[in-house]
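Accompanying notes for the structure given below.
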Amino acid sequence: MKIILNDGTVKECEDREEQLHVIRHTAAHVMAQAIKRLYPQADFAYGPATEKGFYYDVDLGDVKLTDEDLAAIEAEMHRIVKENLPIKPYTLERAEAIAHMQERGEKYKVEHIGDLAEDAVISFYKQGEYVDMCIGPHLTYTKALKAFKITGQSGAYWKNDKNNKMLTRINGIAFASQAELDDYLTLMAEAEKRDHRKLGKEMKLFMLCDEGPGFPFFLPNGMALKNALIDYWRDIHYRDGYVEVSTPLIMNRKLWETSGHWDHYKDNMYSTEIDEETYCIKPMNCPGGVMVYRSQPHSYRELPLRVGELGVVHRHELKGALHGLFRVRCFTQDDAHIFMRKDQITDEIMGVVHLINEVYQKFGFKYYIELSTRPEDSMGSDEDWEAATNGLKSALEKLGLEYIINEGDGAFYGPKIDFHLEDSLGRTWQCGTIQLDFQMPLNFGLEYVDENGEKQRPIMIHRVCFGSIERFIGIITEHFAGKFPAWLAPVQVKVLPVSEKTADYAKKVYEQIKASGIRCELDERNEKIGYKIREAQAVDRVPYMLVLGAREAEENTVSVRNRDTAETVTVSMDEFLTRLKKDIKDRV
């Protein structure tokens, strides 16, 4: 693929990622040109390529775009591609560039150039009548843009500042070929079917309402699912030597000042006044865990001390960023804090990695690992940061795990390992994390007594497996398309009498299943059995349906319909319960 740089040089590009970036960057310019032709008053802000496509933020005045308008913009893009306009770069000194954009009425571009250094040389790209300020690179002709689609619109503040004007963000995708675009659109159509907000409503898992934006309500089915996850979490943590605590939801501001959250995180925290003092609703569980450790003296013999907490936390998110269970303002973090000696760092991190790996394998997730290093806004000494980072590296290398370095994306108190899992559609999600912290034990004066009777400072690990339980529920809902394995399913069995004649037998079967501790429902509605089966299988997505007719009642058996295979087999009640209870116990 030929691409043109901002100095006018044309080169062959072989790298797949760079090719996609250039294609999508060029698509953003072609879209802007199409918008300008249809809406001459349009004033453009930013229009970058992104990891998944491209967008352009544009000020259209009072115009509100409809789906038909977006289709018209896309059609104009196709016309521009057919015109096969050459794409040519040129550069201007800063003062000339400002005048150039002023002449074209591009006030956002003028402001952008004004933010650049006095000696900056500004590059532009021209295609036909359209000119855009850009560092490139781009395709050499518009006809080289083979496959693209506008996917929607949203709002975006100029410079991402809520005090600035809200602009219209028009989003699109672009690929090197139509076949790749078609594959992507098929994937997106499947993702839309699996949207956890849609399935959550159908399956009565959770609800969101205007009275509490970002604060999800879990319904009975959703609580059954959530509790199944929590039971699993408790089982594996008890096995691995964790103890569980619960810490207050609201604590004094002084605590958050000591932890560093007030200086580094207060914009995301909710606060209130109690007894004329400021108290904060916790955005994280760690300071509470630290207080638990500090409440009594400790010996080196007790370490490592693994302390888990399923803590509800609150974080302020902008309303426009809220998205189902994926981005909320209130969620349950499956936290644990490990207090240890320096010589235990590698072994403890390895133990946590094994635990997180076990959890992800249970749900069928593949994953990759990132090691995030010191951010600009951090606390602590260079020596502590180096020791913490080396501790994480040592554990990963000892385990033989590959990892990617993510420079400058650590927590403000320490470096971290992030686990990015891949779902059944190939999408990635950051869930598990391991953070090594030298700072909080220092800030809170944590101590233990060593073998020589001397006071030493412990090291602290912050870690989660699910991350946010609410977000994890959203992820696995889409991963399984609502067809949860039996151990997780909100309703594990649905009893379906064929007619009123078998209602008594159906009730007897239902009571027996329920007494076995299995989540079961009885559908006694006066509906045809075919309708009941379809609803249980396709809408409620119940793993097992027991279809009970006269023969089953007479022979004291059950006809078991499997959700995933649609096959039906007739077995004794004891045989069915024995198999199902084993599957639930083994969590398969």
Side-chain angles (χ1 to χ4, degrees), residues 51-52 152 154 187-210 212-233 268 283-284 310-335 356 359-368 418-433 464-491 539-543 587:
E51 184 181 349
K52 295 184 178 178
S154 59
L187 181 67
M188 289 302 100
E190 179 62 26
E192 187 175 349
K193 291 178 189 175
R194 293 169 179 248
D195 190 315
H196 73 285
R197 295 167 297 180
K198 172 178 172 288
L199 296 182
K201 186 175 182 179
E202 287 179 8
M203 298 177 70
K204 302 179 179 66
L205 300 178
F206 67 93
M207 62 179 245
L208 297 162
C209 61
D210 293 339
F215 300 96
F217 291 68
F218 274 84
L219 306 176
N221 282 350
M223 279 307 300
L225 170 58
K226 188 175 182 180
N227 285 334
L229 282 173
I230 289 172
D231 289 343
Y232 171 57
W233 184 92
N268 295 90
M284 298 176 187
L310 294 161
V312 176
V313 299
H314 291 73
R315 299 179 184 176
H316 178 63
E317 300 282 357
L318 294 176
K319 189 173 182 179
L322 301 176
H323 180 75
L325 296 180
F326 290 159
R327 183 65 69 89
V328 293
R329 290 169 169 163
C330 170
F331 57 94
T332 308
Q333 227 174 9
D334 65 315
D335 258 323
I356 292 176
V359 170
Y360 290 169
Q361 285 187 339
K362 174 65 67 178
F363 295 92
F365 290 124
K366 296 182 289 185
Y367 62 85
Y368 70 89
D418 286 328
F419 294 78
H420 297 262
L421 58 84
E422 181 181 314
D423 69 11
S424 57
L425 295 182
R427 300 171 301 180
T428 56
W429 309 88
Q430 193 277 306
C431 290
T433 188
V464 295
C465 296
F466 298 139
S468 153
I469 290 183
E470 286 74 9
R471 183 168 178 265
F472 196 78
I473 287 173
I475 292 169
I476 61 174
T477 299
E478 298 194 2
H479 177 63
F480 291 118
K483 297 178 180 180
F484 299 107
W487 71 274
L488 266 182
V491 179
V539 180
D540 298 333
R541 297 166 175 82
V542 178
R587 295 187 170 102

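Source: prediction; values computed, not measured. Side chains are part of it too, since the values below use all heavy atoms of this structure and drop only hydrogens, waters and symmetry mates.
- Counting heavy atoms from C-beta outward, Phe331 and Ile469 have side chains that stay 4.5 Å or more apart.
- Side chain of Tyr360 to main chain of Gly432: a donor-acceptor pair is present (N/O by atom type, distance under 3.5 Å, no hydrogens or angles).
- In plain terms, the two heavy atoms of Pro543 and Val491 that are nearest each other are CD-O, 3.2 Å.
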Please determine whether side-chain contact (heavy atoms from CB on, under 4.5 Å) holds for the pair Phe218 and Asn227, giving the CA-CA distance in whole Å, both sets of side-chain angles, and the decisive distance to 0.1 Å. CA-CA 11 Å; Phe218 274 84; Asn227 285 334; over 6 Å; no
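- Scanning all heavy atoms of the two residues, the minimum distance from Leu199 to Ala481 falls at CD1-C, 3.6 Å.
- The closest donor-acceptor contact from the side chain of Arg541 to the backbone of Lys483 lies at 3.5 Å or more, if one exists at all.
- Using a distance-only test at 3.5 Å, with no hydrogens or angles considered, a donor-acceptor pair links the side chain of Asn268 to the main chain of His316.
- Under the 3.5 Å distance criterion, the side-chain polar atoms of Asn221 are matched with a main-chain donor or acceptor of Met203.
- Ring orientation note: the planes of Phe326 and Trp429 are tilted relative to one another, at an angle of 30° to 60°.
- For the pair Pro283/Val313, no side-chain contact is recorded, criterion being any heavy-atom separation below 4.5 Å from C-beta on.
- Within the 4.5 Å cutoff, the side chain of Ile230 has heavy atoms near those of the Leu310 side chain.
- Using the six-membered ring where Trp is involved, His323 and His196 have ring planes that are perpendicular, over 60° apart on the 30 and 60° scheme.
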Check the pair Glu192 / Lys198 against salt bridge (charged side-chain N to carboxylate O under 4.0 Å, His left out), numbers first and verdict last. CA-CA 8 Å; Glu192 187 175 349; Lys198 172 178 172 288; over 6 Å; no
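- Listed for the Lys362 side chain is no donor-acceptor partner under 3.5 Å among the backbone atoms of Tyr232.
- In this structure, CZ on Arg315 lies 11.5 Å from SG on Cys330, to the nearest 0.5 angstrom.
- Residue Ser424 comes nearest to Arg194 through the heavy atom pair OG-NH1, 3.0 Å, listed as atom of the first residue, atom of the second, then distance.
- Legend: residues meeting ring pair (Phe, Tyr, Trp, His ring centres under 6.0 Å) with Phe484, ordered by chain and number and at least two apart, are absent.
- Between Phe206 and Ile473 the shortest side-chain heavy-atom distance does not fall below 4.5 Å.
- Nearest heavy atoms, Pro216 versus Leu208: CA-CD2, 3.6 Å.
- Remark: Cys209 SG to Phe217 CZ distance equals 4.0 Å, nearest 0.5 Å.
- By the ring pair (Phe, Tyr, Trp, His ring centres under 6.0 Å) test, Phe215 pairs with no residue at all, sequence neighbours left out.
- Heavy-atom minimum distance, Cys465 versus Ile356: SG-CG1, 3.8 Å.
- The minimum heavy-atom distance linking Glu190 with Leu425 is given by the pair CG-CD2, 3.6 Å.
- We find the NZ-CZ distance between Lys319 and Arg329 to be 7.5 Å, quoted to the nearest 0.5 Å.
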Please step through side-chain contact (heavy atoms from CB on, under 4.5 Å) for the pair Phe365 and Ile475, ending with a clear verdict. CA-CA 11 Å; Phe365 290 124; Ile475 292 169; 4.0 Å; yes
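- Side chain of Asp195 to main chain of Arg197: a donor-acceptor pair is present (N/O by atom type, distance under 3.5 Å, no hydrogens or angles).
- For His479 and Phe363, the distance between ring centers is not under 6.0 angstrom.
- For the side-chain contact (heavy atoms from CB on, under 4.5 Å) criterion with Lys226, the lone passing option out of Asp231, Thr332, Leu205 is Thr332.
- With a 4.5 Å cut-off on side-chain heavy atoms, Ile476 and Leu488 count as touching.
- Using a 4.5 Å heavy-atom cutoff, the side chains of Pro485 and Phe480 are in contact.
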